[in-house]
**Q** 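Let me begin by handing over the structure; questions about it come next.
A quick note: this is a predicted structure, and the numbers were derived from the prediction, not measured. All residue numbers refer to positions in the sequence shown, counting from 1. First listed ligand is number 1; within each ligand, the first listed atom is number 1.
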Amino acid sequence: MAVPLAGLGHQVTVLDPSPDALAALQRRAAESAVEHLVRAVQGDTTTLTDVIEPRSVDLVCCHGVLEYVEDPAVALAAVAAVLRPGGLVSLLVAQRSAVVIARALAGHFAQAAHALDDPDGRWGAQDPLPRRYDQSTLVDQVTAAGLQVQQVHGVRLFSDLVPETLLDGKEARTALLELERRAGRHREQLGLAALATQLHLVARRADQV
Ligand SMILES: C[S@@+](CC[C@H](N)C(=O)[O-])C[C@H]1O[C@@H](n2cnc3c(N)ncnc32)[C@H](O)[C@@H]1O
């Protein structure tokens, strides 16, 4: 996200504990000639306020990170603290329901059953992801951090389920992308977002944080 955002003229700070991830970022920023707009900081979301001025940030993109942090409640409180009043956070997290379906369709029924009940939404000890979310848990955690949920929608309903052999050619990929866009935002009653691989939530910092 950082390089495209910098390409639009925004000043972007990227925080990551991994030196490799930061090195890849700096390489990509240089390739796109936006290195003057991108600051790479080694750190952890839970200690965000050590490196970012509180109440200073317009938008935090926290995509594919809450699954890994030690304590998501502490991380979300830190995200809220660095946002300026009225600032936005965009969260993208893995959703439990999708892994239940994916494991079942792959014939791993015991793993699907495990993921149904596991407190962290994992399919077993070998699952590489530390944590997955249900929508209600995510909304509750975000709200507890003093953030006001603006919208939630599903991302990647079909892409991880469709066999690669059926995606032969640009036309099929474009059609699938368009279907994903429409299905992820389709009216709530149909419940399609509840089955997506990821949940995307946008929240605003309430003034009293
Ligand atoms: C799945 S990647 C997502 C990367 C990027 N946000 C994206 O959307 O492409 C997860 C990233 O989170 C970083 N990460 C792991 N633990 C973290 C933590 N406690 N605080 C901040 N970042 C962390 C990892 O180093 C890795 O770069």
**Q** Counting only N and O atoms by type, is there a donor-acceptor contact under 3.5 Å from the side chain of R204 to the main-chain atoms of G87?
**A** no
**Q** Atom 6 (N) of ligand 1: protein heavy atom closer than 4.0 Å?
**A** yes
**Q** Provide, to 0.1 Å, the distance between atom 21 (C) of ligand 1 and the closest protein heavy atom, together with that atom's residue and name.
**A** T45 OG1, 3.0 Å
**Q** Give the numbers and elements of all ligand 1 atoms closer than 4.0 Å to a heavy atom of V65.
**A** 12 (O), 21 (C), 22 (N), 23 (C)
**Q** State whether R132 and D120 are salt-bridged, where the test is any N-O pair (Lys NZ or Arg NE/NH1/NH2 against Asp/Glu carboxylate O) under 4.0 Å.
**A** no
**Q** Any idea which of T47, T46, D16 brings a heavy atom closest to atom 25 (O) of ligand 1?
**A** D16
**Q** Could you find the nearest protein heavy atom to atom 19 (N) of ligand 1 and give me its residue, atom name and distance?
**A** D44 OD2, 3.0 Å
**Q** What protein heavy atom sits nearest atom 14 (N) of ligand 1, and how far away is it?
**A** P17 CD, 3.7 Å
**Q** Should the pair R96-E67 be classified as a salt bridge under the 4.0 Å nitrogen-to-oxygen rule?
**A** no
**Q** For atom 2 (S) of ligand 1, what's the nearest protein heavy-atom neighbour? Residue, atom name and distance, please.
**A** G64 O, 3.9 Å
**Q** With heavy atoms of S18 as the reference, note each atom of ligand 1 found under 4.0 Å away.
**A** 25 (O)
**Q** Please indicate whether any nitrogen or oxygen in H63 is less than 3.5 Å from any nitrogen or oxygen in ligand 1.
**A** yes
**Q** Any idea which heavy atoms bring L76 and V142 closest together, and the distance?
**A** CD1-N, 4.1 Å
**Q** With a 3.5 Å cut-off and no angle check, do the side chains of D20 and S18 form a donor-acceptor pair?
**A** no
**Q** Is there a donor-acceptor contact under 3.5 Å linking the side chains of E70 and T46?
**A** no
**Q** Between R156 and D160, does at least one N-O distance fall below 4.0 Å, as a salt bridge requires?
**A** yes
